[in-house]
Amino acid sequence: MTPGAATRALLAIDRCGTDAALAERICRACMAGLDVDGAVLSLLTTTGSRTTLWASDATAELIEELQFTLNEGACMEAAATGRPVLVPDLHHGTETARWPVFAAAVAEQTMVSALFALPLQWGAVNLGVLDLYRIDPGGLDAAQYRDALGAADLAALMMLGQRTDPGTSGGADPAGGGWLTEASDHRAEVHQATGMVLAQLGVGSVEALARMRAHAFVEQRLLVDVARDVVARRRRFTEEMR
């Protein structure tokens, strides 16, 4: 079967350079090949060390931050299940009933109508998610869907190569570079704050992260902003804050 436009574009890109540079080329190739308006590539999406490598615009970045803060949405589901999550109409599709808060936030803060979340998975390794959006509602047709799956598989292989191939600048090195280190560094505030909250409450890391997410939701803030307050000791979590 002949590769689709997005897959062909990915096969032609330069794989050298930083993780962020490769993520940008992957996103731009998928945007052009799949006729979408924006894209964002994130890694380790289901954990506290999730990071956004590249976002095409402010809208894509906001959608990603909303999902991470609210712990729901197409990207979070794709990361958790390892399966594509396709939402042709975020405002009228029945499938969005499982993310009511996220769907309402997107409708209130953006013009986005359609979302397509493609897990970057290779075997048992789940690297993250490639999120695509459209302003106008409408799904991927059969050819675009096949192309999207092929492109996501290829993108995952590229990111794995970026981590393990000594011939790339993001490859494994004695200092421990590559996307895994970058992911940990990028969300350092969330990691540190999670550790501080678990110490304050005597709970596990999952519970500590859930507590911070809950307060971010109540205060209508991003999770990373709450984490920064914790790290700066402007906020301390107590049992009375349940």
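Predicted model only: the values in this text are computed from it and were never measured.
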Exercise for the section: Can you see which heavy atom on Asp37 is nearest to which on Asp57, and at what distance? Expected result: O-OD2, 4.0 Å

Handout entry: Backbone of Val112 reached by a side-chain donor or acceptor of Thr110 within 3.5 Å
Key = yes

Exercise for the section: Write down the atom of Met31, the atom of Ala39, and the distance for their closest heavy-atom approach. Expected result: CG-CB, 3.7 Å

Exercise for the section: Give a yes or no answer on whether the side chain of Thr7 reaches the backbone of Pro3 with a donor-acceptor pair at less than 3.5 Å. Expected result: no

Handout entry: Chi angles and distances behind the side chain to side chain contact (heavy atoms under 4.5 Å, CB included) call for Phe102, Met76
Key = CA-CA 11 Å; Phe102 168 68; Met76 303 303 288; over 6 Å; no

Exercise for the section: Evaluate the side-chain proximity of Ile63 to Thr59: yes if any heavy-atom separation is below 4.5 Å, no if none is. Expected result: yes

Exercise for the section: Side-chain contact test, heavy atoms from C-beta onward, threshold under 4.5 Å: evaluate it for Thr69 versus Val226 and give yes or no. Expected result: no

Exercise for the section: May I ask you to test the Phe237-Met212 pair for a side-chain heavy-atom distance under 4.5 Å? Expected result: yes

Exercise for the section: Look up atom CD in Glu219 and atom CG in Asp229, then write down how far apart they are to the nearest 0.5 Å. Expected result: 8.0 Å

Fill in the blank from the handout: In short, Pro88 meets Leu86 closest at the heavy-atom pair CD-O, 3.6 Å

Problem - Same apolar cluster: Leu115 and Trp54, side chain cutoff 4.5 Å - result: no

Problem - Close side-chain approach of Leu90 and Val87, heavy atoms under 4.5 Å - result: yes

Handout entry: Check: Leu120 and Leu41 side chains under 4.5 Å, non-hydrogen atoms
Key = yes

Practice task
Please answer: with hydrophobic residues joined when any side-chain heavy atoms are less than 4.5 Å apart, are Leu201 and Val206 in the same cluster?
Solution key: no

Completion exercise
Heavy-atom nearest pair, Ala148 first then Leu140, reads CB-CD1, 4.1 Å

Practice task
Take Asp153 and Gln121 through the side chain to side chain contact (heavy atoms under 4.5 Å, CB included) test and state the conclusion after the steps.
Solution key: CA-CA 7 Å; Asp153 284 346; Gln121 192 152 344; over 6 Å; no

Problem - Glu64 and Ser42: side chain donor to acceptor below 3.5 Å - result: yes

Exercise for the section: Would you indicate whether Arg233, at its atom CZ, is surrounded by more than 12 heavy atoms from other residues, nucleotides or ligands within a distance under 6.0 Å? Expected result: no

Completion exercise
Of all heavy-atom pairs linking Met158 and Leu22, the shortest is O-CD2, 3.9 Å

Practice task
May I ask you to decide whether Arg8 forms a salt bridge with Asp147, counting only side-chain N to carboxylate O separations under 4.0 Å?
Solution key: no

Fill in the blank from the handout: d(Ser56 OG, Arg28 CZ) to nearest 0.5 Å is 7.5 Å

Practice task
May I have all residue pairs that pass side-chain hydrogen bond (donor to acceptor under 3.5 Å, both in side chains) and include part of residues 74-85, sequence neighbours excluded?
Solution key: Glu77-Arg98, Glu77-Trp99

Handout entry: Joint hydrophobic cluster, Val231 plus Leu209, side-chain heavy atoms closer than 4.5 Å
Key = yes

Exercise for the section: Measure from NZ or CZ of Arg213 to the centre of the six-membered ring of Phe68, then state whether that distance is under 6.0 Å and the direction lies within 45° of the axis. Expected result: yes

Completion exercise
CZ (Arg211) and OG1 (Thr194) are apart, to the nearest 0.5 Å, by 12.5 Å

Handout entry: Heavy-atom check, side chain of Glu72 versus side chain of Val101, under 4.5 Å
Key = yes

Problem - Heavy-atom closest pair, residues Leu130 and Cys30 - result: CD2-SG, 3.6 Å

Practice task
Would you check if Tyr133 and Ser113 make a side-chain contact, meaning some heavy-atom pair closer than 4.5 Å?
Solution key: no

Exercise for the section: Please test Asp131 against Gln67 for side chain to side chain donor-acceptor pair (under 3.5 Å), starting from the C-alpha separation and ending with a verdict. Expected result: CA-CA 11 Å; Asp131 263 354; Gln67 293 185 96; 3.0 Å; yes

Practice task
Please examine the side chains of Val230 and Gln192, heavy atoms only from C-beta on, and report whether any two atoms are closer than 4.5 Å.
Solution key: no

Fill in the blank from the handout: Separation between CG (Leu66) and CG (Leu222), nearest 0.5 Å, reads 7.0 Å

Exercise for the section: Check whether more than 12 heavy atoms from other residues, nucleotides or ligands sit under 6.0 Å from atom CD of Gln200, and answer yes or no. Expected result: yes

Exercise for the section: Would you kindly confirm whether Leu118 and Val40 end up in one hydrophobic cluster when ILVMFWY residues are joined by side chain heavy atoms under 4.5 Å apart? Expected result: no

Problem - Backbone N/O of Arg221 and side chain of His215: donor-acceptor pair under 3.5 Å - result: no

Exercise for the section: Given side chain to side chain contact (heavy atoms under 4.5 Å, CB included), test Asp89 with His91 step by step and report yes or no. Expected result: CA-CA 5 Å; Asp89 192 336; His91 307 308; 3.7 Å; yes

